[in-house]
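Here is the structure we will look at, set down as structure tokens.
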Amino acid sequence: MPHAVLFAGQGTQAKGMGEELFDRFPDEVSRADDLLGYDIVRLCVENPDNRLDDTRYTQPALYVVNALAYLESLRQGEPAGDVLLGHSLGEYNALLAAGAFDFETGLRLVMQRATLMAEQQGGAMLAVVGPTLDQLTALLAEHQLGTVDIANRNTSHQNVLSGPAGDIDRAQAVLTGPGVRVARLQVSAAFHSRYMRPARDEFAAFLKGFRFAPLTRTVIANATARPYADAAVARTLSDQIAGVVSWSDSVRLVLRHVPADDFREVGGAGLLTRMVRQIAADAPPTGGTSPTSATPSTAGVTPVADGPRHYRLFGVAYAGGDQRSYHPLGEHSEHLELCPLERPGRGRRAGEQLLWDVDPVVEDLMAQLRVQLTEPYALYGHSLGARLAFLLCRRIRAEGLPAPRHLIVSGECGPSIPSRESGTWRLHGDAFWQRLDLLGGIPAQLRDHHDLMAYYERILRADLTLLGRYEHREERPLNLPITALTGDREPFTDTEIDAWQRETTYRLTRHRLPGDHFFIRQQWPTVAALIDQAVLGTRSRD
């Protein structure tokens, strides 16, 4: 089951925080002292001159304590977390845990952020509990408080206002009343509002001197309520300073596939955990489909009325296949527009050189996909096509492009497990063809045409070489659902198919259909219905 980790932000600081952690991590404490130029332990434990309420000290202190608390939780055997969320400043700890930067680099970023944000004087913030977001927006308009921004959308009934101190005073006066509770926050600036744009721009310039590593886990961004893209870490961090903290939307996104009980808070005093439970109670999510080996039926399946009715399905062909490989899918669904991705050396690209290595193939497929990418869409691949479609999803994420609604794979084990055909390309003569005969899919009449045999053998060997040269690289799971289809006469074990679960933060959906490795050719209507069901979010009719 996927696990989410929450990191607390500014406002959770308190005298004595981290006291039980500092002695356990002397190296990290020493490095923090060297960078900060003051004693981090004394600041947190003694709070001299109430410095913990000064943003310039608050943010570095929280970052250090959160980091140590997370390290201690790992020592205690807690899971590292599949999905990471940080509330405002806490997002830096989420990125640290996901490997975007090391401890010292993160502290340097937080120090600069704190300095720039503290320089924007004259602002204030106000927590408002009771009205919904729409009601609060209407109240601000009614009282002509257009100079006040909604900075934090924490839950459906808890929001935070940000703006000039005088206008926040007026908002506090007019909003106080039956059914509404307000509380002034101990800050000296209008964080996460239009008034932070100068700090945002300076921070963006500062970030140009940094390079961030690919994330090893999914991190949900405050500014977008979507997963961070590897190529957009700097831009997203700078935008966060002047952008709204979309906490409720971020949590709802994660609740789609992580139960509220599987969120763990690091730092703070349980405030974020209480928010998660409130958000879950207000809008219970619909969880993922449980894995199943039952044979599905296409009867009584209809698209959800409020979902999209049409989508594009990009198909990545199996070994030896071409743009026609999945053509029947379009004949059995009125919802999908089939968009086959053609590899060089076959079909309409028969005059081009075959590709024998995985990376150039993915680059070629990606070049085709970029120019056709419109939402909503999904990716489908069978056998070799399943692994290539999976790599395309990773590439889409790395480039920060709109993610597919679903990845559908068939006839292949999870990519972390070597393909059962990883050695087939090394076979010669009859042994090569006998192995392919076991898989099915090779017409018997092909043997009577030696010229066609020679033509297809080159294509098959090139494709099977990709399986032989495929090297799985560990990355954080994809933040999109995966459905795996298999034939009941394929030799895959449950463990091999369940390995797809490692690649998604959603619960894996499985279906087993009658047939051998090329079961899809006898099951096109059912396969098309299952793909529609996965992409459109269909339900069985009562």
[Y] side chain reached by [X] side chain, heavy atoms, under 4.5 Å:
X      : Y      : result
Leu215 : Leu95  : yes
Phe7   : Tyr63  : no
Pro418 : Tyr470 : no
Thr483 : Leu530 : no
Glu399 : Ile396 : no
Leu336 : His310 : no
Ser88  : His192 : yes
Pro481 : Leu508 : no

Give the minimum heavy-atom separation between [X] and [Y], together with the two atoms involved.
X      : Y      : value
Ala499 : Ser416 : CB-OG, 4.0 Å
Pro404 : Leu480 : CG-CD2, 3.7 Å
Glu490 : Gly487 : OE1-N, 2.7 Å
Glu496 : Ile417 : CA-CD1, 3.6 Å
Asp149 : Ser193 : OD2-CB, 3.4 Å
Leu354 : Pro344 : CD2-O, 3.5 Å

Can you tell me how far the [atom1] atom of [X] sits from the [atom2] atom of [Y], to the nearest 0.5 Å?
X      : Y      : atom1 : atom2 : result
Asn152 : Asn159 : CG    : CG    : 8.5 Å
Trp524 : His327 : CH2   : NE2   : 10.5 Å
Leu329 : Leu338 : CG    : CG    : 6.0 Å
Ser325 : Ile520 : OG    : CD1   : 8.0 Å
Trp247 : Leu272 : CH2   : CG    : 5.0 Å
Met366 : Asp359 : CE    : CG    : 13.5 Å

Side chains of [X] and [Y]: is there a donor and an acceptor less than 3.5 Å apart?
X      : Y      : value
His87  : Glu91  : no
Thr137 : Asp134 : no
Asn479 : Thr218 : no

Taking the ring of [Y] and the ring of [X], is the distance between their centroids below 6.0 Å?
X      : Y      : answer
Phe314 : Tyr377 : yes
Phe101 : Phe210 : no
His406 : Tyr380 : no

Test your reading of the model: is there a side-chain donor-acceptor pair from [X] to the backbone of [Y], 3.5 Å cut-off?
X      : Y      : result
Asp488 : Gly515 : yes
Thr504 : Gln501 : no
Glu337 : Tyr311 : no
Asn66  : Ala8   : yes
Thr132 : Ser156 : no
Thr155 : Gln278 : no

More than 12 heavy atoms of other groups within 6.0 Å of Arg277 CZ | no
Should [X] and [Y] count as an ion pair when the cut-off is N to O under 4.0 Å?
X      : Y      : answer
Arg264 : Asp82  : no
Arg343 : Glu352 : no
Arg346 : Glu342 : no
Asp494 : Arg512 : yes
Asp357 : Arg469 : yes

Report the C-alpha distance between His382 and His517 in whole Å, list the side-chain angles of each, state the deciding distance to 0.1 Å, and finish with yes or no for side-chain contact (heavy atoms from CB on, under 4.5 Å).
-> CA-CA 9 Å; His382 180 81; His517 184 60; 3.9 Å; yes
Take Asp230 and Arg476, measure what side-chain contact (heavy atoms from CB on, under 4.5 Å) needs, and give me the verdict at the end.
-> CA-CA 11 Å; Asp230 287 340; Arg476 71 188 192 279; 3.3 Å; yes
Between Tyr92 and Arg113, is there a cation-pi geometry (under 6.0 Å to ring centre, at most 45° from the normal)?
-> no
Geometric cation-pi criterion Arg521 and Phe518, 6.0 Å radius, 45° cone = yes
Please assess Thr105 against Asp102 for the test side-chain hydrogen bond (donor to acceptor under 3.5 Å, both in side chains), listing each intermediate value before the final yes or no.
-> CA-CA 5 Å; Thr105 299; Asp102 59 23; 2.7 Å; yes
Which of parallel (below 30°), tilted (30 to 60°) and perpendicular (above 60°) describes Phe390 and His472?
-> parallel
Taking it one step at a time, do Arg226 and Asp249 satisfy salt bridge (Lys or Arg N to Asp or Glu O under 4.0 Å)?
-> CA-CA 9 Å; Arg226 300 293 302 169; Asp249 288 342; over 6 Å; no
Would you please name every residue forming a side chain to side chain donor-acceptor pair (under 3.5 Å) with Glu474, sequence neighbours left out?
-> Arg502
When you look at Ile220 and Leu84, which way does the side-chain contact (heavy atoms from CB on, under 4.5 Å) test go after all the steps?
-> CA-CA 6 Å; Ile220 307 301; Leu84 310 173; over 6 Å; no
Derivation of the side-chain hydrogen bond (donor to acceptor under 3.5 Å, both in side chains) call for Ser383 and Glu412 | CA-CA 5 Å; Ser383 195; Glu412 185 56 296; 5.0 Å; no
